[in-house]
*Asks:* 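Please read through the structure below; I'll follow up with questions.
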Amino acid sequence: MSKLENILSQQVKSAVKELYGIEADDKMIQLQKTRPEFEGNVTLVVFPFVKAARKAPAQVATEIGDWLVNDKIVNDKIVNKFNAVQGFLNLSIADSFWLGQLEAIAADENYGQLQRPTTNDQRPLMMVEYSSPNTNKPLHLGHVRNNLLGWSIAKIQEANGWKVVKTNIVNDRGIHICKSMLAWLKFGNGETPESSGKKGDHLIGDYYVRFDKEYRKQVAELMANGMNEETAKKEAPLMKEAQAMLLKWEQGDKQVRDLWAKMNSWVYAGFDETYRKMGVSFDKIYYESNTYLEGKSEVEKGLAAGQFYRREDGSVWADLTKDGLDEKLLLRSDGTSVYMTQDIGTAKLRYQDYPIDKMVYVVGNEQEYHFKVLSILLDRLGFPFGKELVHFSYGMVELPNGKMKSREGTVVDADDLMEQMFADAREISKDKVNTLPDITDEEANEIARKVGLGALKYFILKVDPRKNMLFNPEESIDFNGNTGPFIQYTYARIQSVLRKASLSGEAGLTVQRSDSVAVQQQSGLNSKELALIQRLADYPSVVRQAGDDFSPAVICNYAYALACDFNSFYHDYSILNEPDEAVRALRLTLAATVAKTIRHAMDLLGIEVPDRM
RNA sequence: GGUCUGGUAGCUCAGUUGGAUAGAGCAACAGCCUUCUAAGCUGUGGGUCCCGGGUUCGAAUCCCGGCCGGAUCACCA
């Protein structure tokens with residue numbers, strides 16, 4: 001609750017108690033921003049009091065308004081005027097309150113950083129798992145959404161007072177990588193990233209696609225010879241070879257392991273480059289090849305404890321029918337482990353490594369069932385954290401003709417997309433950026449990088465993470481309107497103003513108490529200034545809501561609204577040419593504070609802001 | 001079929017625990033640069049909030065029933 005809401009809430013409670021004898025709880029105090037077509041800053045919805053007051057809504061509104069303005073409030077009298085429209089009481093808050101808010105916000109170096117109750121002076125620890133790629137193909141747009149969400153959520157939770165550890169579990173073993181390895185052995189002629197000039201992850205991805213192509217050919221051949229599809233898929237020699245390779249891998253066959261290590265190292269080099277370009281990183285990386293054995297042993301323990309059962313063929317299962325779910329395989333009949341097994345082991349190791357208070361998995365909504373099961377299994381195995389794990393389940397990125405599929409080549413590649421964004425940004429900014437004084441090629445490129453990436457990140461993060469979103473490769477991502485560059489541009493314009501102010505030796509960059517008093521006594525705040533201060537004052541509660549909801553989109557909406565408010569103000573009023581010194585100081589402070597808040601909000605989104613563009 | 005999830009302007013999306021005449025951007029059209037950066041600002045047109053019931057002072061929002069889409073229910077990850 002903001003300071004304004006706090007004060008008003010108290011006063012309204014007093015009012016309705018005195019007027020009607022109502023003991024109002026927080027739920028009954030409904031405050032909202034006044035709609036622009038009415039006069040006022042804050043609106044109280046009075047319907048909750050109408051029944052007990054036994055009066056018409058408009059009359060109740062008028063009586064409460066009257067009380068707030070005229071009655072014997074000694075401290076914090078902040079309501080100046082009011083008007084009542086039906087059951088809505090529109091309140092005008094005194095300039096002195098807003099000016100005080102601005103002074104406080106301007107002075108707060110860490111505005112937007114929230115505190116969280118601590119135990120033993122330790123911030124609670126949240127671990128955020130995101131990215132978690134397979135090592136058989138390069139990252140695509142779906143991964144981009146995951147990475148941007150994971151990064152942003154980590155930043156948002158830090159701003160909400162958590163200590164955050166970002167982690168990545170790399171799915172580096174399994175049948176998928178064996179397929180790439182096999183295709184490379186058969187068709188690769190020793191191709192390496194060096195020899196071909198390809199990025200390692202792309203090279204491996206090409207062989208994954210190659211495997212699929214050859215495999216399908218074999219299946220088609222078998223079917224042409226009269227075999228049914230199901231059998232053909234199992235009997236195709238390539239598939240059998242891949243499975244044999246996986247078994248060799250688990251047995252530790254040196255040749256297979258060496259090849260595996262070599263090819264994975266190519267992939268990691270490629271991933272590192274993509275991550276760097278995207279601007280994401282991790283505090284701790286786990287590899288499935290190091291955790292799956294731990295998972296196996298946990299399953300064995302659970303089996304011994306009677307939590308699980310073994311079937312005749314040797315496979316191990318969990319019976320979840322009591323929880324309203326199915327039976328779930330934990331170990332295959334040949335003793336090899338599955339995805340779930342690995343996740344159990346990873347969870348255990350993580351809790352050994354860190355004093356985790358909350359574990360968050362940023363994983364697509366297609367895996368909701370998996371995490372429901374994982375939660376129950378961890379709980380059964382006696383891990384106290386099982387029940388409370390959070391599956392941050394986000395929606396798919398869809399193309400106009402449906403889902404992306406690696407094997408069908410209908411994917412938007414992460415590297416290509418980012419390069420395209422840089423190129424677009426460079427093209428769009430050409431006329432504009434080249435006119436900036438003393439601009440170097442280097443800076444121009446850097447601006448294009450920040451803006452292109454900003455456009456992409458904002459485009460993805462502004463959508464409610466829970467919902468599926470659509471990306472149309474035919475239409476380029478916008479740089480105008482409700483976009484990252486729009487907000488970056490607002491920031492750059494403010495920086496330009498601030499640079500000029502400091503050049504001309506404007507001392508009072510920060511509004512002082514005396515300025516505030518002068519402003520109050522003279523013109524007062526204009527509506528655009530007031531709207532901006534009110535917006536700035538909202539920021540902490542927006543950060544809190546984004547944290548509670550795990551939603552970067554909330555931050556996007558706020559940053560956009562703040563930029564809109566500023567642009568409107570900037571258009572209507574001059575900052576540097578304002579003759580009145582107190583007003584000039586106020587506006588400079590306002591501009592600097594908006595810039596500071598934009599930078600903070602954009603940082604929560606992982607978006608950099610350029611000083612010029 | 002069971003479970004979960006979504007359906008808001010031509011398109012992409014907002015819409016805090018139910019609140020005033022449902023909002024942005026893009027696209028279309030019309031204006032605004034001698035003035036702190038026009039990636040900006042202002043205006044116009046554009047809606048059966050999927051459909052039908054219910055709850056109440058009030059429903060895009062909550063409940064029930066339909067229609068349509070997506071995900072999931074693997075010895076894949």
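Chain identifiers are assigned alphabetically (A, B, ...) following the order of the sequence lines, protein sequences preceding nucleic acid strands; residue numbering begins at 1 within each chain.
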*Asks:* Counting Watson-Crick and G-U wobble pairs only, both distances under 3.5 Å, name the nucleotide matched with B:rG65, or none.
*Replies:* B:rC51
*Asks:* Examine B:rG7: is either OP1 or OP2 under 4.0 Å from a nitrogen or oxygen in the side chain of A:K467? Give yes or no.
*Replies:* yes
*Asks:* Run the salt-bridge test on A:K33 and A:D538 with the 4.0 Å N-O cut-off and return the result as yes or no.
*Replies:* yes
*Asks:* Quick one: is A:S496 getting a side-chain N or O under 4.0 Å of the B:rU37 phosphate, OP1 or OP2?
*Replies:* yes
*Asks:* Among A:I204, A:N171, A:V170, A:D201, which one satisfies side chain to side chain contact (heavy atoms under 4.5 Å, CB included) with A:T135?
*Replies:* A:V170
*Asks:* A:R35 side chain N/O closer than 4.0 Å to the phosphate oxygens (OP1, OP2) of B:rG23?
*Replies:* yes
*Asks:* Could you work out which one of B:rU72, B:rA20, B:rC13 sits closest to the side chain of A:F38?
*Replies:* B:rA20
*Asks:* So, is the end of the A:R173 side chain (NZ or CZ) under 6.0 Å from the ring centre of A:Y292 and within 45° of the ring's axis?
*Replies:* yes
*Asks:* Report the distance from atom CD1 of A:I344 to atom C1' of B:rA77, rounded to the nearest whole Å.
*Replies:* 15 Å
*Asks:* Regarding A:A492, tell me which of base, sugar-phosphate or nothing describes its non-hydrogen contacts under 4.0 Å with the strands shown.
*Replies:* base
*Asks:* What does A:T490 touch in the nucleic acid at a heavy-atom separation under 4.0 angstrom: a base, only the sugar-phosphate, or nothing?
*Replies:* nothing
*Asks:* Ignoring the backbone of A:F88, work out which of B:rG19, B:rG40, B:rA77 is nearest its side chain.
*Replies:* B:rG19
*Asks:* Just checking A:Q495: base, sugar-phosphate only, or nothing, at a heavy-atom cut-off of under 4.0 Å?
*Replies:* nothing
*Asks:* So A:R466, base contact, sugar-phosphate only, or nothing? Heavy-atom distance under 4.0 Å.
*Replies:* nothing
*Asks:* For A:S315 and A:A553, take the nucleotide of RNA chain B holding the closest heavy atom to each; which residue's nucleotide lies nearer the 5' end?
*Replies:* A:A553
*Asks:* Are A:F47 and B:rG58 stacked, counting the six-membered base ring, centres under 5.5 Å, planes under 30°?
*Replies:* no
*Asks:* What's the closest nucleotide to the side chain of A:S574 if the choices are B:rC36, B:rA20, B:rA14?
*Replies:* B:rC36
*Asks:* For the C1' atoms, the ones on B:rG65 and on B:rC13, what distance do you get once it is rounded to whole angstrom?
*Replies:* 29 Å
*Asks:* Between A:R332 and A:D334, does at least one N-O distance fall below 4.0 Å, as a salt bridge requires?
*Replies:* no
*Asks:* Look through every strand shown and name the nucleotide pairing with B:rA77 as Watson-Crick or G-U wobble, where both distances are under 3.5 Å.
*Replies:* none
*Asks:* Which nucleotide, in any strand shown, forms a Watson-Crick or G-U wobble pair with B:rU3, with both distances under 3.5 Å?
*Replies:* B:rA71
*Asks:* Write down the distance separating the C1' atoms in B:rA59 and B:rG15, rounded off to the nearest Å.
*Replies:* 14 Å
*Asks:* By a 5.5 angstrom centroid cut-off and a 30 degree plane limit, is there stacking between A:Y570 and B:rG40?
*Replies:* no
*Asks:* Output the distance between atom CD (A:E63) and atom CZ (A:F49), rounded to the nearest 0.5 Å.
*Replies:* 13.0 Å
*Asks:* Strictly by Watson-Crick or wobble contacts shorter than 3.5 Å, is anything paired with B:rA28, and which nucleotide is it?
*Replies:* B:rU44
*Asks:* Measure NZ/A:K462 against C1'/B:rC11 and give the value in whole Å, please.
*Replies:* 12 Å
*Asks:* Looking for any heavy atom pair under 4.0 Å, which part of the strands does A:S429 touch: base, sugar-phosphate only, or nothing?
*Replies:* base
*Asks:* Would you kindly check whether a donor in the side chain of A:N90 faces an acceptor in the base of B:rA20, or vice versa, at under 3.5 angstrom?
*Replies:* yes
*Asks:* I'd like to know whether the aromatic ring centres of A:W260 and A:Y287 sit less than 6.0 Å apart in this structure.
*Replies:* no
*Asks:* Hunt down the Watson-Crick or G-U wobble partner of B:rU21, both distances under 3.5 Å, from any strand shown, or write none.
*Replies:* none
*Asks:* Starting from the 5' end of RNA chain B, give me the residue, A:L436 or A:P48, whose nearest nucleotide shows up first.
*Replies:* A:P48
*Asks:* Please tell me which of the listed nucleotides, B:rA77, B:rA20, B:rC36, lies nearest to the side chain of A:Q367?
*Replies:* B:rA77
*Asks:* Side chain of A:F486, heavy atoms from C-beta onward: which of B:rA77, B:rG40, B:rC57 has the nearest atom to it?
*Replies:* B:rG40
*Asks:* Quick one: CD1 on A:I575 to CD1 on A:I494, what's the gap to the nearest 0.5 Å?
*Replies:* 7.5 Å
*Asks:* Once you apply a heavy-atom cut-off of 4.0 Å, does A:V463 come out as touching a base, just sugar-phosphate, or nothing?
*Replies:* sugar-phosphate
*Asks:* Return the nearest nucleotide to the side chain of A:Q30; candidates are B:rA14, B:rA77, B:rG19.
*Replies:* B:rG19
*Asks:* NA contact type, A:Y491, heavy-atom cut-off 4.0 Å: base, sugar-phosphate, or nothing?
*Replies:* nothing
*Asks:* It should be established whether A:N468 places a side-chain nitrogen or oxygen under 4.0 Å from OP1 or OP2 of nucleotide B:rG6.
*Replies:* no
*Asks:* Out of B:rA71, B:rU42, B:rC57, which nucleotide sits closest to the side chain of A:S568?
*Replies:* B:rU42
*Asks:* Choose from B:rU37, B:rC73, B:rG70 the nucleotide whose nearest atom is closest to any side-chain atom of A:E398.
*Replies:* B:rG70
*Asks:* For the side chain of A:N171, counting heavy atoms from C-beta on, which of B:rA77, B:rG40, B:rU12 is nearest?
*Replies:* B:rA77
*Asks:* Less than 4.0 Å between a side-chain N and a carboxylate O, is that true for A:K430 and A:E427?
*Replies:* yes
*Asks:* Under 4.0 Å between a side-chain N/O of A:R332 and OP1 or OP2 of B:rC76, yes or no?
*Replies:* yes
*Asks:* Give me the distance, rounded to whole Å, that separates B:rA27 from B:rG23 when you measure between the P atoms they each carry.
*Replies:* 22 Å
*Asks:* Given atom CG of A:D464 and atom P of B:rU61, what is their separation to the nearest angstrom?
*Replies:* 17 Å
*Asks:* Below the 4.0 Å mark, does B:rG40 have OP1 or OP2 next to a side-chain nitrogen or oxygen of A:N480?
*Replies:* yes
*Asks:* Would one find a side-chain N or O of A:R493 under 4.0 angstrom from OP1 or OP2 of B:rA38?
*Replies:* yes
*Asks:* Syn or anti: how is B:rC33 classified when any glycosidic angle within 90° of 0 counts as syn?
*Replies:* syn
*Asks:* Quick one: which of B:rC73, B:rU37, B:rA14 gets closest to the side chain of A:Y489?
*Replies:* B:rU37
*Asks:* Ignoring backbone atoms, establish whether A:K179 has a side-chain N or O less than 4.0 Å from OP1 or OP2 of B:rC76.
*Replies:* no
*Asks:* Any idea how A:Y215 and A:F211 line up, ring-wise: parallel (<30°), tilted (30 to 60°), or perpendicular (>60°)?
*Replies:* parallel
*Asks:* Within the 4.0 Å heavy-atom criterion, would you say A:M396 contacts the bases, only the backbone, or no part of the nucleic acid?
*Replies:* nothing
